[in-house]
Amino acid sequence: MRAASEGVREGEVGVYGPPIPGQAHDKRWGPSYVLNDGTNHPMIGFGTYKAAGAQGPSAADIVGDALAVGYQFLDCAQFYGNEKEVGKAISRSEWFDRDDLYLASKVWTDAIYEGRAAVRKQIDATLKALRTDRLDLYLVHWPVPGKHVDAYLELQDAVKAGKITSIGVSNYAAEDVDELLDHPGVYITPAVNQIELNPFLYRPKTLQYMADKGIVVQAYRALRDGKAFEDPTVLRVAAKHGKTAAQVMGAWCLAKGAVYMPKSTKKARMVENADVVSFQLDGDDLAALDALTTEDALAAFKALYEKCVVRDTPLPEDDPGIKRDITAG
């Protein structure tokens with residue numbers, strides 16, 4: 001197994017290419033963003049949600065393939081239900097030591113609702129499942145009304161205890177971040193907000209708000225689960241650059257300053273998805289891709305937000321604490 005100090009070998013997956021002008025370049029995992037706490041965050045990672053189904057390779061095998069082709073940032077979550085499998089893949093990897101990896105996870109709504117002790121218990125469960133004594137990043141998965149701020153306060157304590165390096169949030173609207181930062185007990189600004197982001201759900205107001213607060217955005221569903229690979233605009237831009245639809249959508253995320261986290265169960269696709277730093281989209285490309293977001297898409301996002309903030313909790317979907325007028329775009 002390679003020592004962390006050796007860095008990334010020449011010729012490995014395109015994620016770890018040469019330095020990008022204007023971007024940090026961590027010797028361990030290549031092109032990176034600098035978070036507001038001074039740590040580096042890889043620009044590209046591997047999403048482990050639904051990493052395996054009822055049939056086919058296990059999540060451990062799939063994550064093992066991702067490590068073998070060069071991914072070093074793994075995005076995990078309590079909700080994904082496969083952290084033990086991810087931990088198994090990490091433990092048997094011949095490619096990376098723990099210090100080569102960037103491990104992130106999220107606490108789900110049930111624990112958030114139950115309170116700080118449940119959040120603390122889940123952090124410990126994730127550490128055990130991933131077979132590590134610390135997490136590089138840990139997030140509050142959804143802003144459960146009346147509960148999410150307490151969950152975040154527990155994350156601050158976990159940083160103090162040395163269990164977590166950086167903390168943040170996920171699926172937070174600007175209004176949720178305002179609520180969090182207005183609490184007198186919050187003294188660590190979230191380093192990251194993980195949100196759904198792709199050319200079909202482009203949210204420029206939200207991106208600008210997060211940038212103004214110094215919060216880096218992670219993009220999930222960056223590839224829309226492959227549902228946009230036949231879109232004429234995406235294919236036209238792909239043909240122009242001699243790239244695939246997936247690579248164009250990944251490059252779009254990076255152009256927006258977001259962390260890109262593709263997922264696939266196929267090794268060849270993992271390599272393809274990561275090749276997004278070898279070219280750049282121009283202004284015409286970005287304008288065409290930005291225009292793919294419709295008002296219907298934003299309305300659907302708001303409806304999903306209102307449902308998910310109380311999912312797997314006793315709170316009803318008409319709970320008065322649910323924010324009904326969030327910044328969707």
Side-chain angles (χ1 to χ4, degrees), residues 43-45 47 49-50 75 79 141-143 145 169-178 192-213 215-241 243-264 269 272-273 276 279-311 317-318 322-329:
M43 290 173 63
I44 303 168
Y49 181 48
K50 293 184 178 179
D75 174 58
F79 178 69
H141 208 145
W142 283 93
V169 296
S170 177
N171 296 297
Y172 273 47
E175 292 77 8
D176 296 313
V177 175
D178 282 340
V192 162
N193 185 12
Q194 183 179 122
I195 63 174
E196 182 176 352
L197 182 70
N198 56 64
F200 298 84
L201 191 62
Y202 176 38
R203 302 170 59 193
K205 293 179 182 177
T206 298
L207 289 176
Q208 187 60 58
Y209 172 92
M210 299 304 159
D212 290 344
K213 296 292 184 183
I215 299 171
V216 168
V217 167
Q218 290 179 337
Y220 73 83
R221 289 199 79 226
L223 301 182
R224 291 194 77 222
D225 305 323
K227 295 174 182 176
F229 289 174
E230 299 301 320
D231 179 84
T233 299
V234 175
L235 289 176
R236 185 173 69 250
V237 175
K240 173 180 171 180
H241 293 277
K243 296 294 181 180
T244 66
Q247 290 165 341
V248 164
M249 293 179 72
W252 180 91
C253 283
L254 297 185
K256 298 303 178 183
V259 176
Y260 166 56
M261 304 180 299
K263 62 186 182 74
S264 179
R269 281 286 177 84
E272 173 194 327
N273 291 343
V276 293
F279 71 107
Q280 286 189 322
L281 302 176
D282 62 30
D284 290 341
D285 301 330
L286 293 172
L289 294 168
D290 293 352
L292 294 173
T293 297
T294 65
E295 290 299 321
D296 286 346
L298 294 173
F301 157 73
K302 288 184 70 174
L304 182 66
Y305 166 92
E306 293 173 9
K307 180 179 179 179
C308 286
V309 293
V310 295
R311 181 178 175 182
E317 291 188 12
D318 62 352
I322 299 174
K323 298 178 180 67
R324 306 288 178 180
D325 193 27
I326 62 168
T327 302

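Sequential numbering from 1 along the given sequence is applied to the chain's residues.
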Walk me through it: do M210 and V177 pass the test side-chain contact (heavy atoms from CB on, under 4.5 Å)? CA-CA 9 Å; M210 299 304 159; V177 175; 3.8 Å; yes
Please table the atom pairs, donor to acceptor, closer than 3.5 Å between any side-chain atom in residues 296-307 and protein atoms at least two apart or in another chain.
{"residue": "Y305", "atom": "OH", "partner": "D176", "partner atom": "OD1", "Å": "3.1"}
{"residue": "Y305", "atom": "OH", "partner": "D176", "partner atom": "OD2", "Å": "2.8"}
{"residue": "E306", "atom": "OE1", "partner": "R324", "partner atom": "NH1", "Å": "3.0"}

Indicate the atoms forming the closest heavy-atom contact of G250 with L223, along with that distance. N-CD2, 4.3 Å
According to the side chain to side chain donor-acceptor pair (under 3.5 Å) rule, which pairs have a member within residues 217-230, sequence neighbours left out? H41-Q218, N171-Y220, Q194-Q218, E196-R221, R221-D225
Would you call the rings of F79 and H141 parallel, tilted or perpendicular, taking 30° and 60° as the class edges? perpendicular
Which heavy-atom pair separates R269 from S264 by the least distance, and what is that distance? CB-OG, 3.2 Å
Does the side chain of L207 come within less than 4.5 Å of L197's, by heavy atoms? yes
With sequence neighbours left out, what residues match K240 under side-chain hydrogen bond (donor to acceptor under 3.5 Å, both in side chains)? D282, D285
Mark yes or no for whether E272, through its side chain, and Q247, through its backbone, hold a donor-acceptor pair below 3.5 Å. no
Minimum side-chain heavy-atom gap Y209-V217 below 4.5 Å: no
Measure across A246 and Y260 and return the closest heavy-atom pair with its distance rounded to 0.1 Å. O-OH, 3.9 Å
P145 to I322 - nearest heavy-atom pair and separation: CG-CG1, 3.9 Å
Reported CG-to-CG distance for the pair L201 and L292, which is rounded to 0.5 angstrom: 11.5 Å
In Å and rounded to the nearest 0.5 Å, what is the CD1 to OG1 distance from I215 to T206? 11.0 Å
Ion pair present between D284 and R236, side-chain N to carboxylate O less than 4.0 angstrom? no
Can you measure from NZ (K213) to CG (D178) and round to the nearest 0.5 angstrom? 5.5 Å
Output the distance between atom CD1 (I195) and atom CZ (R203), rounded to the nearest 0.5 Å. 4.5 Å
Taking everything shown except D325 itself, do over 12 heavy atoms lie less than 6.0 Å from its CG? no
Interatomic distance, F200 atom CZ to D231 atom CG [nearest 0.5 angstrom]: 3.5 Å
Non-hydrogen side-chain atoms of V309 and K323 separated by less than 4.5 Å: no
Return yes if some donor-acceptor pair links the side-chain N/O of T233 with the main-chain N/O of A288 below 3.5 Å, else return no. no
Heavy-atom pair with the smallest gap, counting every atom of K263 and N273: O-ND2, 4.1 Å
Side chains of L289 and V234: does their closest heavy-atom pair fall under 4.5 Å? yes
Supply the atom-to-atom distance D290 CG to Y202 OH, rounded to the nearest 0.5 angstrom. 4.5 Å
Nearest heavy-atom neighbours spanning A219 and A258: CB-CB, 4.2 Å
Using a 3.5 Å distance criterion without hydrogens, assess whether the side chain of S170 forms a donor-acceptor pair with backbone atoms of W142. no
